[in-house]
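Lettering of chains follows the sequences in order, A, B, ..., and the numbering in each one begins at 1. Everything numeric in this text was worked out from a predicted model, so none of it was measured.
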Amino acid sequence: MNYVRLGPVRWGWQGAVMAAPGVIVVDELRRLGVARGALVALTLAPEVGLGLATVGGGWSRPVGVDDPAPVVQAVEHELRPRWVLWSNETAVALVRRGVRVATCWDVAAVHRLLFGGWRADPARVWAHLHGLPLATMPTSRPLDLFSQVEHGDADPDGPLRSDGHISAEWVGGGWAETPERLVRWAELAVGVAGLQQERLAELDAAGGAGRGRASATARSESAAELLCAEMSVDGLPLDRSVAEEIIGDVIGPRPRTESEAVEQRGRRDAEVLRHAPADSRFDLRSPGQVKSLLRRVGIEVPDTRAGRLEAMRDAHPLVDALLLWRKAERVATTYGYGWLDENLDPDGRLRGAWSGSDGAAGRMTASAGLHNMPADMRGAVVAEAGHVFVRADLGQIEPRVLAAVSGDRGLARATQADDMYAPVAEDLGVDRATAKVAVLGAMYGQTTGHGAQALRRLSSAYPVAMAYLDGGDRSGQAGRDLRTYGGRLVRMGGGSPGADAAGAPELADHDRDREARGRAAARGRYGRNALVQGAAAELFKVWAVTVRARGAATEARIVLCLHDELLLHVPVAHDDAAARLLDDCLQESAHRWAPDASVRFVAEINVIRRWSDAKG
DNA sequence: TGCGGCTATTG
DNA sequence: CACAATAGCCGCAG
C-alpha cells in the first residue's frame, strides 16, 4: 500500500497559506481522491501540530495552521472522511476543541474486537498484525539502558526497529515530538487500519455463525468510541443542591473540618456499637471484626453480606443498626460529598471516563459512578432549563439477542410478544416466573436449584439456542477462544477468570480436583454468558451510534449509556421527535444487525424531567 | 506500597 | 446470591 503524507502541519506557522489552511487541506485531499468515507489518519499533539495521511499515491506540500480544529472541521464538512485514530484519546482531544466528527476508524477499538483483551497500545496492535513475538515488544515503561542497544534501528530516526517492532522511543511519546513525526505516525495508523480491514474481511468471508459481521462491528465500535469521547466531555446533568440534599438526608450536613468528619463517623459507629457489649471495640469496616461482633450477640454467620443479615433482622437489634450503617457508610465513602467534589464540575455536569468496550465481552464501561449510581441519587439527575430527558430501555434484550444469534426459530417466535417470557412459559408448561428464572439461568450457567428441571424443558423447547449456549460453555471449559456474533474475540486461554491459579499445595487431592472442576465450570459459565452479553453489547452500540448520528440534527445528545438504556438530553420542543427517533433507530439497527428480522426488539420510552421519574 | 478478599452499587 | 462492571476499605505480604 502506498500512503500519502499530508503535512507536516504546524501551529503558528506564518506562511502564505495562513489565511485559510482548512481550505488548502481540503483541496489537497480532494486532489488526492479523498471522498466521503475514505480513510484519513489524524494524529494530534498540542504545541506541535497535526499529522494527516491517506491511502493512494502522490505527495502533498506542507500547510501551516494556528489551530488544528478548523482544519479538521473543514475537512469533515467538505469531505466527511472516515478518520483513522490510534485511539479515542484523539477523539477526546478533538471534542474538547469543539470538533465532532461523524465517523472514524478507531485502531484500538478494532484491535480489541479482532484480538480480544483490553490493552491496545500501538506497539501491541502492530505486533499482533505483523505476527511479531509479544515478548520482544517494547514496553511503555521508561527506557532502560539495555533495550536501546539490543535492537538497532532500521532507520535511526524512524518508528521501526530492525526486528520489526515499533521502537520504544516512538511509542513512549517520541511520535509527538516533531510535525514530521506526527505525519509518519499518521501514515503508520492508516497502514494499520488497512491491515485490520484485511483481517476483518477474512473473518467476514469465513462464514458460519457469527463470522459474517466483523467489518460492520468494527465500524459501529469505532463510532461508539466517538460517542464515548462526547459523553466524557459533555457529562451528565446533575443538580448539585438536590444531590447534597439526598446525601444530607443519609449522613447529615457536609462536615466543615476534618474533626467534624471524624465526629460524624464516630456518631454513626456508636449508633451500631451501643447494641454491643459495653467494653467492646470493633471496627465496623472490617468484615472479620463484624463477624466477631455478631458472634458476641449470639449470631453466627459465614459472611456478613446484606442479603445474609436481612434474614437475621429479628435476631438482634444490632443487625438492623448495622444494615443502616452500611447504607450510610456507602454514601459517606463512595457517593457522598467527596464524590461530588471529585466528579461534578461547576457547570453542573458529572463527568467520568467512558470506554467503548471492557476487556471481556465488550460492554461499555464508565467511571465516576455513572454506571452504578445508587437509585436514590437518580433524583439529582435533572434536565437543564429548556430541556428534558428522553429515556429508552430495551426490554429483555439478552434472551432476544440469544434468539437472534443462535437462530432458534422457537425462541424467535416468542420474541414477537411484548413480554417474551409469557410465550416461553406456555412452551415450557410452567408459570412466568419459573420460565424467566430458567431462561436467565441458562444464559448465566446456573445448573443447580429450582431452575435445573426447567432447564431440561428449555433444551427440548429451544434446542438450537441451548446448543449455542452449550457450545460457549464447552469452549470456555476447554480454554478455547470464542467469537461473538459480531466477531469479537473473547479470550479464554489466559488471563480470564480462574484460567490458571494452581491449587494450593496444602489441599488434599480431592479438594484440588473439586477446585479444578469449579474453576472449569466458572470458565464455562463465563464463555456461555460472554456470547449473549457480548452480542447484546454489540446491538446496543449499533443502536446508540445510530441515535447519535440521526439525533445530531435536533440537538438530541446522548448523555448516558447503561447496557440496555439510553438517556437523551434534548430541547423541550424536540421531545416527541426524540422519542420517535429512539424507536426508529432501534428498528433500523436491529434490522442491520440481524437482517433475518424474525426477532423482535422492543423499547420502553418516556419523556422525563429527572432520571428517577422513569418507571422501572 | 501493592494486591486479594469482602462488600455494595448498577445492568 | 448465576454473568458483567467500578469502587472503597481492611489485612497481609514484601
Side-chain angles (χ1 to χ4, degrees), chain A residues 118 250 265 282-292 301-311 322-336 338-339 342-343 352-378 381 393-399 401-402 436-452 455 469 472-473 476 484 490 496-498 501 504 518 521-537 540 560-567 611 614 616:
Chain A
W118 196 82
V250 181
R265 232 167 84 133
F282 293 97
D283 183 352
L284 298 173
R285 290 154 194 85
S286 164
Q289 294 190 41
V290 169
K291 227 198 282 195
S292 309
V301 281
D303 60 69
T304 71
R305 292 203 288 266
R308 182 92 57 189
L309 298 181
E310 209 72 52
L322 183 60
L323 286 167
L324 262 173
W325 179 92
R326 283 259 173 88
K327 268 269 194 269
E329 181 72 1
R330 167 79 17 194
V331 170
T333 57
T334 309
Y335 297 106
W339 173 66
E342 190 80 21
N343 304 296
W354 285 85
S355 164
S357 79
D358 59 30
R363 296 216 294 196
M364 282 183 168
T365 66
S367 65
L370 287 158
H371 266 183
N372 49 358
M373 188 186 299
D376 293 343
M377 192 55 70
R378 295 181 177 198
V381 179
D393 76 292
L394 301 180
Q396 304 163 343
I397 181 175
E398 291 196 340
V401 159
L402 173 61
K436 180 178 175 178
V437 167
V439 170
L440 292 175
M443 290 188 300
Y444 290 151
Q446 185 183 39
T447 52
T448 56
H450 189 255
L455 213 59
L469 292 171
D473 200 305
T484 62
V490 180
S496 48
R523 285 201 308 274
R525 290 194 300 271
Y526 178 85
R528 163 189 293 266
N529 184 251
L531 292 176
V532 178
Q533 193 188 99
F540 177 80
L560 194 78
C561 291
L562 204 44
H563 310 311
D564 65 351
E565 178 174 358
L566 277 177
L567 196 63
W611 195 15

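Distance from the side chain of A:Asp283 is smallest to C:dC10 among C:dC10, B:dG11, C:dA5. Checked against C:dC3, C:dA4, B:dT7, the side chain of A:Thr304 finds its nearest nucleotide in B:dT7. You'll find that the side chain of A:Thr333 is closest to C:dC9, out of B:dT7, B:dG11, C:dC9. You'll find that the side chain of A:Thr334 is closest to C:dG8, out of C:dC9, C:dG8, B:dG11. When distances run from any side-chain atom of A:Gln289 to the nucleotides C:dC3, C:dG11, B:dT9, the shortest one goes to C:dG11. Nearest to the side chain of A:Arg305, among C:dA5, B:dT7, C:dC10, sits B:dT7. For A:Pro374, whose side chain is taken as the heavy atoms from C-beta onward, the closest listed nucleotide among C:dC3, B:dT9, C:dA5 is B:dT9.
Put simply, A:Ser286 has a side-chain N or O that comes within less than 4.0 Å of OP1 or OP2 on C:dG11. Remark: A:Arg378 is in phosphate contact with B:dG11, judged by side-chain N or O atoms under 4.0 Å from OP1 or OP2. The side chain of A:Lys291 contributes no N or O atom lying less than 4.0 Å from OP1 or OP2 of B:dC6. In terms of phosphate contacts, A:Gln533 brings no side-chain nitrogen or oxygen within less than 4.0 Å of OP1 or OP2 of B:dG11.
Here A:Gly445 lies out of heavy-atom contact (under 4.0 Å) with every strand. When heavy atoms are screened at a 4.0 angstrom cut-off, A:Met373 is found touching the sugar-phosphate backbone but no base atom. Using a 4.0 Å heavy-atom cutoff across all strands shown, A:Ala530 reaches no nucleic acid atom at all. Residue contacts shown for A:Ala361 are absent, as no nucleic acid heavy atom lies under 4.0 Å away.
For the pair A:Trp354 (side chain) and A:Met364 (backbone), a donor-acceptor distance under 3.5 Å is absent.
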Run A:Arg326 and A:Thr304 through side-chain hydrogen bond (donor to acceptor under 3.5 Å, both in side chains) and show every step you take. CA-CA 11 Å; A:Arg326 283 259 173 88; A:Thr304 71; 3.0 Å; yes
Take A:Arg330 and A:Trp325, measure what side-chain contact (heavy atoms from CB on, under 4.5 Å) needs, and give me the verdict at the end. CA-CA 9 Å; A:Arg330 167 79 17 194; A:Trp325 179 92; over 6 Å; no
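For A:Gly307 and A:Ala366, each mapped to the nucleotide of DNA chain C holding its nearest heavy atom, the one lying further toward the 5' end belongs to A:Gly307. Residue whose closest nucleotide on DNA chain C sits further toward the 5' end, between A:Ser367 and A:Arg285: A:Ser367.
No hydrogens or angles considered: nothing links the side chains of A:Tyr526 and A:Asp473 as a donor-acceptor pair under 3.5 Å. With 3.5 Å as the limit, one finds no donor-acceptor pair spanning the side chains of A:Thr333 and A:Arg265.
Rounded to an integer number of Å, the gap from A:Glu342 CD to C:dA7 C1' is 12 Å. The distance between atom CH2 of A:Trp339 and atom C1' of B:dT10, rounded to the nearest whole Å, is 12 Å. One atom, CZ of A:Phe540, and another, P of B:dT10, lie 18 Å apart when rounded to the nearest Å. In this structure, A:Arg363 atom CZ and B:dG11 atom C1' are separated by 5 Å, rounded to whole Å. Note: NE2 (A:His371) to C1' (B:dT9) measures 13 Å, nearest angstrom. Between A:Asp376 atom CG and B:dT9 atom C1' the separation is 11 Å, expressed in whole Å. When the C1' atom of C:dA4 is taken as reference, atom CZ of A:Arg523 falls 18 Å away, rounded to whole Å. Taking atom CG on A:Leu562 and atom P on B:dT9, their separation rounds to 16 Å, with Å as the unit.
None of A:Glu398, A:Gln533, A:Arg363 except one satisfies the side chain to side chain contact (heavy atoms under 4.5 Å, CB included) rule with A:His563; the exception is A:Arg363.
Applying the 3.5 Å distance criterion, the base of B:dA8 shares no donor-acceptor pair with the side chain of A:Arg326.
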